[in-house]
**Student:** 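This is the structure, below, for whatever I ask next.
Just so we're on the same page: letters track the sequence lines, and every chain starts at 1.
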Amino acid sequence: MSIPKTYDPKSIEDKWYRYWTDNGMFRADSRSGKEPFTIMMPPPNVTGALHMGHALQGAVQDTIIRIKRMQGYEALWLPGTDHAGIATQNVVEKSLKKEHKLNRHDLGREKFVEKVWEWKHKYGDIITGQYRKLGTSCDWSRERFTMDEGLSEAVQETFIRLHGQGLIYKGNYLVNWCPTDMTAISDEEVDHVERKGHLWYVNYPLSEATAKKTGQPFITIATTRPETIPADTAVCVNPEDERYADFVGGEVEIPTTGRRVPIIADEYIKPEFGTGALKVTPAHDQNDFDIGTRHNLQVINIISKDGSMNESAGAYAGLDRFDARAKIAGDLDEMGLLVKVEDYVNQVGVSGRSGTVIEPLLSDQWFVNMKPLAQKALEAGRNGEFTFYPQRWESEFNRWMENIRDWVISRQLWWGHRIPVWYYTRADGSVDETKDYVVSIDRPEEGMVQDPDVLDTWFSSWLWPFSTLGWPDEKAEDYKTFYPTSVLVSGYDILFFWISRMIMGGLHLTGRSPFRDVFMTGIVRDKQGRKMSKSLNNGIDPLELIDQYGADAVRYSLIVLCAQGQDIKLDPRRFEMGRNFANKLWNAFRLLHMHMDEKESYSTELNTDTGNLTDRWMISRIHQTIAAVEDDLSRYRLNEALMKIYGLLWDDFCDWYLELIKPEYGETMDRETVDRAVNIYEILVRLLHPFMPFITEEIWHSLRSREVSEALIRADWPVNTGGDPFGEDGRLFTTIQRMISSIRNIRAEMNVPDSQEVAVVIKARDQATAKALSENRVIFEKLVKIGSLGISTTADRPKGSASAVVDGSQVFVPLSGIIDVEKERERIAAEVRRLNGFLKSVNAKLGNEKFMANAPEEVVEREHKKRSDTEINLEKLKTILAEL
RNA sequence: GGGUCGUUAGCUCAGUUGGUUAGAGCGCUACGUUGACAUCGUAGAGGUCGGCGGUUCGAAUCCGCCACGACCCACCA
């Protein structure tokens with residue numbers, strides 16, 4: 001069977017994914033008794049399609065869970081989706097309109113919710129299907145949905161508990177109202193954007209008495225929202241403001257309505273802003289509401305839930321709030337009350353979802369009192385019950401906890417968890433507000449009606465780490481085994497929406513932090529650093545990338561780019577890196593494969609009993625790399641770990657090891673060499689598997705035939721035994737590498753044709769080196785085109801040679817006739833200059849008394865070694881230079 | 001107004017608790033293709049680590065200020 005020269009991911013990825021799932025290899029066993037390791041997948045919206053953020057976090061989570069699985073943990077990665085209240089309701093409403101020209105009210109609540117469920121069943125698993133393309137080893141048998149039975153129970157239970165504890169309350173307050181989605185939203189769902197607007201200066205006529213007292217006909221206020229004038233119930237100034245001292249206690253007439261309201265004083269007012277006088281509109285501004293509360297002001301609401309002016313707005317009733325703004329401004333102008341209009345840029349709150357300008361609106365809503373929950377979270381954070389990676393997010397988290405505000409959890413939507421609250425009704429069916437409501441999952445009494453509102457989507461998400469495991473049943477097998485979870489992987493963009501709330505919810509409801517570590521990834525951005533979004537149409541579709549480069553390549557590149565929470569500016573070309581690496585890996589396999597006998601059975605364990613320097617060096621490199629990789633992984637430096645594995649495979653294994661064991665063209669590799677190379681390669685493949693699962697599993701099974709129980713996904717992760725058995729040999733090999741590079745360099749610099757052999761003479765620094773080099777002369781012969789190689793401690797520099805000094809030994813390449821003496825002189829001189837500079841800096845340190853006194857001994861020792869090594873090399877180079 | 005992050009090679013970025021006269025990939029230059037791999041190999045060029053000051057024997061790394069860029073939070077009409 002011939003193996004293609006280039007690696008083709010398409011032909012194998014689906015095959016292995018099926019193999020893993022068919023054999024239940026992602027499934028976790030709650031009774032294995034092994035130490036558990038749990039990751040909860042942040043549930044994507046059912047409406048969603050896989051985007052680069054998912055791909056990045058999916059790659060990270062899968063890599064971690066695969067490592068832990070190979071390390072012998074009972075590894076559970078639990079997937080699922082979020083019902084995503086508003087988002088999903090909107091999508092279904094849109095399709096309803098498009099296909100049937102109906103809105104949700106035409107259907108009625110029950111029918112509509114049925115439709116959403118239908119939609120969910122039809123499209124809800126698209127995104128999880130897309131996740132699979134990436135190779136994610138989630139336990140699909142445990143997949144959950146935020147509105148499935150168990151999670152709904154958890155949501156209701158939580159509401160009932162918190163209500164019982166007095167932490168959930170109902171109240172009539174100003175909330176952020178979205179006129180498009182016709183629901184309240186939380187503060188976190190409001191974005192503040194800069195908008196160009198105007199500041200209108202308006203004269204409010206004073207009452208006769210006030211006019212007389214002050215000697216003025218008007219008081220001038222400045223406002224950005226003239227349409228709310230009909231809702232004004234006071235004018236307010238600063239009590240310290242002498243300009244208005246006489247005005248306080250007086251009365252003004254509200255323009256357009258003529259209603260009389262008091263002039264009051266409040267510290268809140270900043271005298272330097274505008275005119276120093278503020279119109280107070282308690283129904284439509286949070287600050288004004290607060291002032292109103294302090295001064296017992298009347299509250300007049302003139303805006304409806306759809307953003308239009310209501311009947312209390314008088315002549316403006318029925319107009320949209322922005323049309324009303326223009327109209328009122330015009331009217332004021334006509335009435336001669338408009339003093340001036342200035343351009344003004346201010347921050348406007350818009351709905352994060354619809355982009356509509358938020359209207360602060362007074363309404364009955366349910367809230368969670370967050371302060372007590374935040375208090376626990378702060379303490380737990382201080383006690384180290386959870387750790388952020390990178391750490392800086394902890395202070396961000398703390399700041400948020402310290403300034404937490406109550407959470408509006410009711411939404412005026414149909415799609416979501418119904419609030420488990422029931423009201424008594426009157427004979428006509430209307431809610432009887434004279435009687436208390438009852439909190440209950442089931443209808444407590446015939447004739448009672450349930451609160452029509454649903455809960456914020458995040459009210460189910462914040463329970464995700466434990467509701468998915470069976471909570472509130474604390475005896476549930478999965479809950480007992482897998483909770484608390486080990487690490488949460490998420491982007492920082494939902495730190496406040498989700499991560500903080502999970503910590504608070506987990507601590508309060510289960511008494512434990514829901515996860516030990518929080519690994520915050522950066523945000524994937526486009527080439528220019530902009531967030532990827534539909535509106536900018538700058539998104540890159542991960543599925544297209546997988547199609548183009550292969551899942552392993554996409555994973556590789558994402559993880560290498562994912563450095564410690566740094567945002568990722570994504571250039572599609574970056575994926576070539578991963579693709580090329582996969583191809584390299586593939587061809588290393590091809591090389592071994594062509595020398596493997598299909599019938600031969602190779603030993604199952606690496607035989608380290610070898611006198612061969614190349615083997616010993618390679619084994620040493622593997623030891624060093626595993627140790628370094630383990631250290632990186634313990635701190636979630638996946639990028640560093642992967643780069644090291646990349647270097648080990650490409651530079652050490654392919655460029656040196658394979659080049660050295662590769663036989664001459666047409667010859668075959670001997671059995672022992674193949675055996676050892678296969679074993680070494682298998683270690684590397686095991687190291688790489690969690691990062692690039694498909695190609696490694698394919699190679700793993702191509703190297704030998706394996707039982708299902710021997711699949712790579714369940715194989716052992718290479719262990720660092722703590723030592724580096726062949727460290728000394730490694731250093732000798734490195735010297736040889738340097739010598740070879742310098743010979744190659746001479747050849748290239750002196751334009752020696754590739755086909756031409758050169759003689760090489762090495763004058764070793766000492767007998768031991770000479771002996772060691774002689775024993776390994778085959779390495780030179782293999783890697784550079786050498787006619788003859790003389791090694792001794794006494795050799796003279798042949799006439800007309802180019803030279804190099806490596807670790808105290810001299811390498812001469814006689815090139816009579818070819819050598820350009822001038823060039824050679826300059827080459828050596830440049831090296832002398834370089835070493836002189838280096839030596840100077842070393843000497844500066846060693847000559848510095850304070851350095852000698854303060855620097856750690858090992859650092860001083862290292863400098864000494866540097867000096868003596870450099871001096872030896874330098875001296876030899878200078879001699880050569882003098883001779884030239 | 002408060003806070004966070006970034007500024008390192010032409011480009012995109014690594015650089016761990018201060019101790020290598022700073023690394024990778026791409027790009028570039030030269031040479032190389034019956035040979036595992038041109039999605040490749042060999043050799044090479046290219047950086048006063050944004051600026052200024054400080055701490056230190058020693059700073060890309062720690063501290064302060066400044067410049068530029070990005071983001072988060074905040075009730076100034």
**Student:** Take the protein atom CG of A:Leu585 and the nucleotide atom C1' of B:A36, then report the distance between them rounded to whole Å.
**Tutor:** 12 Å

**Student:** Take a 6.0 Å sphere around CD of A:Glu857 and say whether it holds more than 12 heavy atoms from other residues, nucleotides or ligands.
**Tutor:** no

**Student:** Describe the nucleic acid contact of A:Gln566 in one word from base, sugar-phosphate, nothing, applying a heavy-atom distance below 4.0 Å.
**Tutor:** sugar-phosphate

**Student:** Say you pick atom P in B:G50 and the same atom in B:G6; how far apart are they, in whole Å?
**Tutor:** 12 Å

**Student:** Expressed as a whole number of angstroms, how long is the span from A:Asp493:CG to B:C73:C1'?
**Tutor:** 15 Å

**Student:** So, is A:Asn580 close to the B:U39 phosphate, meaning a side-chain N or O under 4.0 Å from OP1 or OP2?
**Tutor:** no

**Student:** Starting from P on B:G18, measure out to NZ on A:Lys850 and report it in whole angstrom.
**Tutor:** 20 Å

**Student:** In this structure, how many angstroms lie between the C1' atom of B:U21 and the CG atom of A:Asn843, rounded?
**Tutor:** 13 Å

**Student:** Using a cut-off of 4.0 Å on non-hydrogen atoms, how would the nucleic acid contact of A:Cys236 be classed: base, sugar-phosphate, or nothing?
**Tutor:** nothing

**Student:** For B:C75 versus B:G1, give the span between their C1' atoms, rounded off to a whole number of Å.
**Tutor:** 12 Å

**Student:** Got a sec, which residues hit side-chain contact (heavy atoms from CB on, under 4.5 Å) with A:Arg325, two or more places apart in sequence or on another chain?
**Tutor:** A:Trp200, A:Arg225, A:Pro226, A:Glu227, A:Phe322

**Student:** Rounded to whole angstrom, note down the C1' distance from B:U8 over to B:A14.
**Tutor:** 10 Å

**Student:** Using the C1' atom as the reference point in each nucleotide, state the distance between B:G19 and B:C26 in Å, no decimals.
**Tutor:** 32 Å

**Student:** Is there a donor on the side chain of A:Lys845 or the base of B:C57 sitting less than 3.5 Å from an acceptor on the other?
**Tutor:** no

**Student:** Do the ring planes of A:Tyr556 and A:Phe581 sit parallel (below 30°), tilted (30 to 60°) or perpendicular (above 60°)?
**Tutor:** tilted

**Student:** Over all strands shown, is A:Leu592 touching base, sugar-phosphate only, or nothing at heavy-atom distances under 4.0 angstrom?
**Tutor:** nothing

**Student:** The test is side-chain hydrogen bond (donor to acceptor under 3.5 Å, both in side chains); show your working for A:Tyr268 and A:Asn287 and say whether it passes.
**Tutor:** CA-CA 9 Å; A:Tyr268 166 77; A:Asn287 294 311; 3.1 Å; yes

**Student:** Heavy-atom nearest nucleotide on RNA chain B for A:Pro663 versus A:Met852: which residue maps closer to 5'?
**Tutor:** A:Pro663

**Student:** Mind checking side-chain contact (heavy atoms from CB on, under 4.5 Å) for A:Lys865 and listing every partner two or more places apart, or none if nothing turns up?
**Tutor:** A:Asp869

**Student:** Pick from A:Val560, A:Leu642, A:Asp552: which one makes a side-chain contact (heavy atoms from CB on, under 4.5 Å) with A:Phe691?
**Tutor:** A:Leu642

**Student:** Please state the P separation for the pair B:U42 and B:G25 - nearest whole angstrom.
**Tutor:** 11 Å

**Student:** Using whole Å, what does the distance between atom P of nucleotide B:C71 and atom NE2 of A:His192 come to?
**Tutor:** 16 Å

**Student:** How do A:Lys5 and A:Leu561 order along RNA chain B: which one's closest nucleotide is nearer the 5' end?
**Tutor:** A:Leu561

**Student:** Please report the distance separating the C1' of B:A74 from the corresponding atom of B:A59, rounded so that it comes out in whole Å.
**Tutor:** 36 Å

**Student:** Base, sugar-phosphate, or nothing for A:Gly274, non-hydrogen atoms under 4.0 angstrom?
**Tutor:** nothing

**Student:** Give the rounded distance in Å between these two atoms: NZ of A:Lys584 and P of B:A24.
**Tutor:** 16 Å

**Student:** Apply salt bridge (charged side-chain N to carboxylate O under 4.0 Å, His left out) to A:Glu749 and list each qualifying residue two or more places apart in sequence or on a separate chain.
**Tutor:** none

**Student:** In whole angstrom, give me the gap between the C1' atoms of B:A22 and B:U29.
**Tutor:** 23 Å

**Student:** Take atom NZ of A:Lys785 as the centre, draw a 6.0 Å sphere, and report whether it contains more than 12 heavy atoms from other residues, nucleotides or ligands.
**Tutor:** no

**Student:** Going by ring-ring contact (aromatic ring centres under 6.0 Å, His included), name the residues that satisfy it together with A:Phe694, two or more places apart in sequence or in a different chain.
**Tutor:** A:Trp20

**Student:** Mind checking A:Ala588 for me? I need base, sugar-phosphate or nothing, with any heavy atom below 4.0 Å counting as a touch.
**Tutor:** base

**Student:** Just checking A:Glu667: does its CD atom have more than 12 heavy atoms from other residues, nucleotides or ligands closer to it than 6.0 angstrom?
**Tutor:** yes

**Student:** What nucleic acid atoms does A:Asn751 come within less than 4.0 Å of, heavy atoms only: base, sugar-phosphate, or nothing?
**Tutor:** nothing

**Student:** Just to be sure I understand the geometry, which residues of residues 547-554 of chain A put a non-hydrogen atom under 4.0 Å away from RNA chain B?
**Tutor:** none

**Student:** To the nearest angstrom, how far is A:Asp754 atom CG from B:G41 atom C1'?
**Tutor:** 10 Å

**Student:** Given the P atoms of B:C57 and B:G18, what is the spacing between them in whole Å?
**Tutor:** 15 Å

**Student:** Convert the base pairs of RNA chain B into dot-bracket notation, remembering that pairs crossing earlier ones are written with [ ] and that bases paired across to another strand are shown as |; include only Watson-Crick or G-U pairs under 3.5 Å.
**Tutor:** (((((((..((((.....[...)))).(((((.......))))).....(((((..]....))))))))))))....

**Student:** When the distance from CZ of A:Phe581 to P of B:C26 is rounded to whole Å, what number comes out?
**Tutor:** 13 Å

**Student:** Kindly check if the number of other-residue, nucleotide or ligand heavy atoms within 6.0 Å of CZ (A:Arg573) is above 12?
**Tutor:** no

